[in-house]
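Remarks on the structure that follows.
Numbered from 1 within each chain, the chains take letters A, B, ... in sequence-line order.
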Amino acid sequence: MADCRPVADDRLKLLEERTRYVPGDVEPRVFERWERAGVFHPEPEGDAAENFTIPVPPPNVTGVLHMGHALNSSIQDSLIRLARMRGRRAKWIFGTDHAGIATQVKVEEALAAEGRRKEDIGRDAFVERVWEWRREHGSQIVEQLERLGASLDYGDERFTMDDAYARAVRHVFVALYEKGLIYRDNYMVNWDPGTRSAISDLEVEQREIQDTLYMIDYPLESGSGSITVATVRPETMLADTAIAVNPSDERYTRLIGETAILPLVGRRLPIVADEYVKTEFGTGALKITPGHDPNDFEIGRRHGLEEISAIGEDGRMTAAAGERFAGLTADEARREVVAALREQDLVSGTQPYVHDVPCSHRSGMRIEPLISLQWFCDMGTLAGPAIAAVKEGRLRFHPESPWTGVYLDWLEGIRPWCISRQLWWGHQLPVWYRGDEVHVGAQAPAGDGWTRDPDVLDTWFSSALWPFATLGWPDDTPELRAFYPTDVLSTARDIIFLWVARMVMLGIELTGELPFTDVPIHSVIQAPDGRRMSKSLGTGIDPLDLIDGGPRPPVYKEGGEFPAYGADALRFGLLASSSSQDVRFNEERVKQGRDLANKLWNASRLILLGVEEGVAPSPDAAEAPEDRWILSRLERITERTAAALDRFELSAAALDLYDFFWSELCDWYLEMAKPRLYDESRDRTAVSATLLFCLDRSLRLLHPIMPHVTEEIWGFLPHVSTDRPTTSGGSGGREPPDLLPPVAPGRGGEGSASERGLLAVAEWPVADGSRIDDEAEELVGRVIAAVTELRRYRDEAGVKPSALLPARLAADGYDGAAQHLERLARLELRSEGDAAAAEIPVPGGAVQLLPTDAFDPDAAAAKVAERRERLEGEIERLERKLANEPFVERAPAEVVEGERSKLAGYRADLERLG
RNA sequence: GGGCGGUUAGCUCAGCUGGUAGAGCGCCUGCCUUACAAGCAGGAGGUCGCUGGUUCGAUCCCAGCACCGCCCACCA
């Protein structure tokens, strides 16, 4: 074996024998090499401007990888790998989120299976139970991300409940409290009876339900009749404290200031005037329940009305509801109240009513609005700088529209954020009480008699600190200096408000810096049938089943198993099929990715097993026009790929690379190169060096998107010393377990043929414009067009694919490339001979087919006629267009000129057809 | 109720600043051509949702309409 092929014999044998790429055999092994070499961990050196950082949206500790993670991870990994290849210290901050409610619910369910409730074991034991759960289940998502090839800094994992992180959270709470931005208030909140906790506005979703609208008569105190109100929640009448009408509503103006008597209760209700009341809705008279309706709450405060809580936090009626109803659930109370009213003949009508009601995003239960003492964060002052950052272009969404507007609209109408949660799992508030005293501080106050607030913080509160708390903030750590502010935050649109905007607000407020500058928003992937992907609906697809094979979920009626497409295939498929638009999951794109991996593998076999030994990749060895052509095309794809990736257009990059590699490199260049490659009688150095260079460059360009297969093939390449030592350190140096070439200690290639570095840290190519060769592109473009034309003709004329047709080239502009036309169109070119039996127009002239048994011109006559008709149609159209004076006068000159030459071309073609 | 997005080949989707459209899969025909049948060659298939308008010219710009979807919102 020659020096420059530092690949062990049995590995070469594998390359020779394997005609199919098997991702399952390769991917885990390649991943292990990266990890061992330490490529995922950059040392905290340099500053944030030179380094590149992405904070991963931390998955829930107990979560499993779903399609959204797979897509987002593919995007982030591509960007991180790109940056790493560009020589930047690339840190992909890794960690998981404690996910308050989600995790607590899971552990509660586990307890329930044992027949116990969390109250049975107490708070401390319960929290310990959650930690245990995390130790058991927390690693699953990590393994899944690894299987995907995500180059996260796994060794530096964070958890939002780590001690250091918790310190940061307490620090923030105290700081914002002292600034007056966090405060405690008795206010109307969204009470979720399912989780028995208050939740924020963002965790409420509207669901349409079928309801009944009741018309209830409230007698007037004066005895002169009654006033009728409409409600869908009769049980809340027990907490009514007024009736409101619109001041301009003539039906009721005389009643304003009067008093009605609340049925069943007997409370005196003032009739007040308020603009809020719509005259045309219901009866135009609105019962006011400040304790259980957000609107009524506002109206109540405006009019100084009493606030009565008739429904408690347990969802049952309180003593304030009266003896008859206390203890009933709200639903029971409704039936009872209606029954009682009917007895007194006070229900004057009902009608079916479909409307949206607020429900808990978490538990699904209908929100019970009630007044509660909770902690709030005032967002108004935090929003200003976050708005300015976007308006001044310092923070950019991709695509800009519509997300910039969505973000700004929300911030401009922002409301206070209820941050306290009545849960056990989470960051307990750093707040202590003793009588009327309140202490807010990182530590418990001195002295006896203090009790700590049992509530915890909304999970999103701690998530909002993610980009800096993970790096050691508020301490001044090397990590913080090296990696903060970060660069990119990639996510789907559903957490722009919940997370992105809050990170921006708190990041600016606390660190004085924007936590990141670019926010690519990616597709939400729907099930193949267009519904949401959801496990419970049976519409979910497990990414791991696509990678390693697994059962098709119920959305696929045909059932069966997914083939083991591999991680690279899934990555390609997701990137290629996603944009900013929601998309249906498209298995075909994953298949396309698998096929591309396979194509890479086989094209590499052709090249690696065929090239002259001892030759290194080089772009300077071109000897034929097709060499200059492919090198030129290579520079163009290099330029386009970098541009697309830098604009976060991963889909365009993936598809463009596919097209280049498959259609240009494999279909045309490899075919043109074969004669030289296979001719052992001549010096094959030039073609070998060029082929190797094409492969080398293709692997680099594809690596961010398909890291495993490219890394695997890279290991077979003889090396050329274009790689610089990498900036970040690494552990490396241990004994490799397989037959792969050793990874140099300190990683990165120093360039010796036997000590090649990993592709993961190889240099990202920069397009070299000097290799753009318009002449070669023109020439080879002609050959391609001519070959295609001839193949079509042959096929239509029924010529056997294997037959060689005698022919004469009667066209200009094929110097130095006619042999490709001859070979790829299966011709035998002659200069002399009989009269042409058929003439096929090609760029620059025609190819004349000479009479032969293999070819019957009559068989193609019909097809020729069809073609003539098409041409005539085109010619007529163009003639009309060019005869149209306004067009010739007003259209740009080059457009008109283009149409003219098109017309000339068609005319020439038609003439040749005879 | 307000806002946003979508409607392009049988399916899933591309299409930058206007010059009559592309990909993958599927389909048809022919090839086991010494990298790859997860392949190769060729082909069929679209009045770019509808109606107007601007323009020499519109899938692309404007207006209206029709469906589909999403987000926001305190009408009982």
For Val277(A) and Val583(A), take the nucleotide of RNA chain B holding the closest heavy atom to each; which residue's nucleotide lies nearer the 5' end?
Val583(A)
Taking the side chain of Thr788(A) as heavy atoms from C-beta outward, which of A76(B), G42(B), A73(B) is closest to it?
G42(B)
By nearest atom, which of the nucleotides G19(B), G42(B), C36(B) is closest to the Lys599(A) side chain?
C36(B)
5' priority, RNA chain B, between Trp662(A) and Pro402(A) [closest heavy atom]:
Pro402(A)
Return yes if a side-chain donor-acceptor contact under 3.5 Å exists between Asp659(A) and Ser663(A), otherwise no.
yes
Let me see the working for Tyr407(A) and Phe497(A) under ring pair (Phe, Tyr, Trp, His ring centres under 6.0 Å), right down to the final yes or no.
CA-CA 7 Å; Tyr407(A) 169 93; Phe497(A) 306 148; 8.3 Å; no
Inspect the contact between Glu280(A) and Lys278(A) and indicate whether a charged nitrogen and a carboxylate oxygen are less than 4.0 angstrom apart.
no
Polar pair under 3.5 Å, donor/acceptor by atom type, side chain Arg826(A), base A41(B):
no
Can you tell me if Arg794(A) touches the phosphate of A41(B), counting only side-chain N or O atoms and a distance under 4.0 Å to OP1 or OP2?
no
Using a strict threshold of under 4.0 Å (side-chain N to carboxylate O), is an ion pair present between Arg18(A) and Asp25(A)?
yes
Nearest to the Val232(A) side chain among A35(B), C31(B), A76(B), which nucleotide is it?
A76(B)
Side-chain N or O of His355(A) versus OP1/OP2 of C75(B): is the shortest distance under 4.0 Å?
no
Measure from the side-chain heavy atoms of Arg493(A) and tell me the nearest of C70(B), G24(B), C40(B).
C70(B)
Sugar-phosphate only, base, or nothing, as touched by Arg415(A) at under 4.0 Å among non-hydrogen atoms:
sugar-phosphate
Give the rounded distance in Å between these two atoms: CD of Glu822(A) and P of U33(B).
21 Å
With a non-hydrogen cut-off below 4.0 angstrom, is Asp201(A) in contact with a base, only sugar-phosphate, or nothing?
nothing
Has Tyr353(A) got a side-chain N or O lying under 4.0 Å from the OP1 or OP2 atom of A76(B)?
yes
Could you check how far CZ of Arg647(A) sits from C1' of G15(B), rounded to whole Å?
14 Å
Using a heavy-atom cut-off of 4.0 Å across all strands, would you classify Leu655(A) as base, sugar-phosphate, or nothing?
nothing
Expressed as a whole number of angstroms, how long is the span from Glu671(A):CD to A35(B):C1'?
9 Å
Is the Tyr556(A)-Phe562(A) ring centre distance short of 6.0 angstrom?
yes
Output the rounded distance in Å from CG (Leu574(A)) to C1' (A14(B)).
17 Å
Give a yes or no on whether the backbone of Asp409(A) and the side-chain of Glu412(A) come within a donor-acceptor separation of less than 3.5 Å.
no
Should the side chain of Lys591(A) and the base of C25(B) be counted as holding a donor-acceptor pair, with the cut-off at 3.5 Å?
no
Grab the CZ-P distance between Arg605(A) and C36(B) for me, whole Å please.
6 Å
Ignoring hydrogens and geometry beyond distance, is a side-chain donor-acceptor pair present between Asp217(A) and Thr228(A) at under 3.5 Å?
yes
Which listed nucleotide (A35(B), A23(B), G42(B)) is nearest to the side chain of Ala603(A)?
A35(B)
Between U12(B) atom P and Ile541(A) atom CD1, what is the distance in whole Å?
14 Å
Is there a side-chain contact between Ser401(A) and the phosphate of C4(B), meaning an N or O under 4.0 Å from OP1 or OP2?
no
How would you label the contact of Asp494(A) with the nucleic acid (heavy atoms, under 4.0 Å): base, sugar-phosphate, or nothing?
nothing
Measure from NZ on Lys800(A) to C1' on U33(B) and round the result to the nearest Å.
14 Å
Nearest whole Å is fine: how far is U33(B) P from Asp667(A) CG?
17 Å
If you check every side-chain atom of Tyr276(A), which of G39(B), C25(B), A76(B) has the closest atom?
A76(B)
Any base atoms under 4.0 Å from Thr231(A), or only sugar-phosphate, or nothing? Heavy atoms, all strands.
sugar-phosphate
On the nucleotide G24(B), are OP1 or OP2 found under 4.0 Å from the side-chain N or O atoms that Arg589(A) carries?
no
Among the nucleotides A73(B), G24(B), C71(B), whichever has the atom closest to the side chain of Tyr658(A) is G24(B)
Checking all strands, does Ser579(A) fall into the base, sugar-phosphate, or nothing category for heavy-atom contacts under 4.0 angstrom?
sugar-phosphate
Can you tell me which nucleotide in A14(B), A35(B), A76(B) comes closest to the side chain of Gln581(A)?
A14(B)
Among A76(B), A35(B), G24(B), which nucleotide sits nearest the side chain of Asn602(A)?
A35(B)
Across the strands shown, which category fits Tyr678(A) at heavy-atom distances under 4.0 angstrom: base, sugar-phosphate, nothing?
sugar-phosphate
Atom pair CG (Asp568(A)) and CD (Glu27(A)), whose distance is rounded to the nearest 0.5 Å
4.5 Å
Using the side-chain heavy atoms of Ala891(A), tell me which of these nucleotides is nearest: A76(B), G19(B), C74(B).
G19(B)
Let's test your reading of the model: under 3.5 Å, does the base of A76(B) pair with the side chain of Lys278(A) as donor and acceptor?
no
